[in-house]
Amino acid sequence: MNTLPTMPTVSTNETTEPTEAAVLHESVIGWFGEHARDLPWRRPEAGAWGVMVSEFMLQQTPVSRVLPVYEQWLARWPRPADLAADAPGEAVRAWGRLGYPRRALRLHGAALAITERHGGDVPADHGQLLALPGIGEYTAAAVASFAYGQRHAVLDTNVRRVFARAVSGVQYPPTATTAAERRLARALLPEDEVTAARWAAASMELGALVCTAKNETCGRCPIAARCAWRLAGKPAHQGPARRGQTYAGTDRQVRGRLLAVLRDATGSVPQSALDAAWHEPVQRARALDGLVADGLVEPLDGGRYRLPQS
DNA sequence: TAGACGTGGAT
DNA sequence: TATCCAAGTCT
């Protein structure tokens with residue numbers, strides 16, 4: 001990440017030529033106007049709470065799977081205080097099979113904090129958002145930008161990939177977000193607040209729909225003509241193929257099995273019900289301990305277990 | 001700063 | 001069938 005696009009701050013002509021960055025903004029935002037998906041959390045009636053709920057659910061999770069859960073969630077808990085008034089276990093249950101159920105717990109915790117500290121309204125301040133459980137750098141910027149129209153660098157995996165290709169000329173961004181990427185994202189942020197918020201949503205959508213991880217469709221890309229990666233002949237990613245970790249047989253799978261038993265039960269379940277969910281006793285016990293430590297499972301007297309009541 | 005943390009559809 | 005991938009956060 002070193003090749004910033006040329007962005008002359010002063011035009012050499014009498015007539016002001018648009019800067020390279022401005023052309024980028026106009027192209028991507030224009031494309032967004034034509035091709036943006038109509039998603040429920042983008043509608044005005046979603047409000048900041050709707051945006052926030054969607055951001056929690058969309059962490060590492062495809063839109064198609066979030067859609068139905070999102071609708072049910074907002075219908076049941078239309079405001080943060082509604083969720084805060086319910087047991088955390090109900091949030092875990094309603095989370096269903098979205099995955100990473102700790103997100104449900106954190107969303108419940110965030111609703112509690114919003115109710116107690118912010119009068120029931122999702123805070124607009126980036127720092128206050130960041131202080132809520134389950135909200136990191138990305139989500140804080142996303143909520144501030146999408147819900148409140150503020151000017152923030154919203155750097156998710158989609159935007160990172162778009163920048164890696166269009167600006168840096170490589171197929172994929174680094175494994176972990178670097179300082180250089182953050183600098184670039186800030187440098188490319190439109191000055192105007194309204195435009196910046198539009199740019200954030202538009203650049204993300206471009207990565208999600210066109211500049212995808214695999215089978216990218218440059219023919220539909222509004223900035224293909226100036227994409228460094230495409231211009232370089234789309235060289236393949238250099239270096240070791242990161243990632244791996246098969247899922248079958250991991251503690252994660254066991255945790256998922258155990259939690260599924262509890263989600264599907266009405267009240268508490270006996271130890272024997274959990275024992276039936278996984279054959280290997282040592283790993284099963286370790287997974288259960290982890291769930292209890294995480295607050296996802298509540299142990300009761302007599303060897304019974306349930307989703308957390310408080 | 002790696003690694004843990006779910007799940008299911010696509011290739 | 002195996003691997004990759006999907007709007008990250010936390011420790």
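So that the names make sense, note that chain A is the first sequence line, chain B the second, and so on, each numbered from 1.
If you take atom P in C/dA2 and the same atom in B/dC5, they sit 22 Å apart, rounded to whole Å. Distance check on atom C1': C/dG8 versus B/dT1 gives 15 Å, rounded to whole Å.
A heavy atom lying under 4.0 Å from DNA chain C marks none of the residues of residues 269-291 of chain A. The stretch residues 67-83 of chain A has no heavy atom under 4.0 Å from DNA chain C, so no residue of it qualifies as close. Proximity of residues 144-151 of chain A to DNA chain C (heavy atom under 4.0 angstrom from any strand atom) is not detected for any residue.
Salt bridge absent: A/Arg76 and A/Asp82 never bring a charged side-chain N and a carboxylate O closer than 4.0 Å. Taking 4.0 Å as the cut-off between side-chain N and carboxylate O, A/Arg161 and A/Glu216 do not count as a salt-bridged pair.
Of the side-chain N and O atoms in A/Tyr100, none sit less than 4.0 angstrom from OP1 or OP2 of C/dG8.
Under 3.5 Å, the side chains of A/Ser27 and A/Arg226 contain no donor-acceptor pair of N or O atoms.
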All N/O donor-acceptor pairs, side-chain side in residues 148-156 of chain A, below 3.5 Å, sequence neighbours left out:
residue: A/Tyr148; atom: OH; partner: A/Val122; partner atom: O; Å: 2.4
residue: A/Gln150; atom: OE1; partner: A/His152; partner atom: NE2; Å: 2.9
residue: A/Gln150; atom: NE2; partner: A/Ala124; partner atom: O; Å: 2.8
residue: A/Arg151; atom: NE; partner: A/Pro190; partner atom: O; Å: 2.6
residue: A/Arg151; atom: NE; partner: A/Glu191; partner atom: O; Å: 3.3
residue: A/Arg151; atom: NH2; partner: A/Leu189; partner atom: O; Å: 3.2
residue: A/Asp156; atom: OD1; partner: A/Asn158; partner atom: N; Å: 3.2
residue: A/Asp156; atom: OD1; partner: A/Val159; partner atom: N; Å: 2.9
residue: A/Asp156; atom: OD2; partner: A/Asn158; partner atom: N; Å: 3.3
residue: A/Asp156; atom: OD2; partner: A/Asn158; partner atom: ND2; Å: 3.0

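When the ring pair (Phe, Tyr, Trp, His ring centres under 6.0 Å) test is applied to A/Trp49, no partner is found at least two apart in sequence or on another chain.
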For nucleotides 8-11 of chain B, print each protein N/O atom paired with a nucleotide N/O atom at under 3.5 Å, atom names and distance only.
residue: B/dG8; atom: OP1; partner: A/Arg97; partner atom: NE; Å: 2.4
residue: B/dG8; atom: OP2; partner: A/Arg97; partner atom: NH2; Å: 3.4

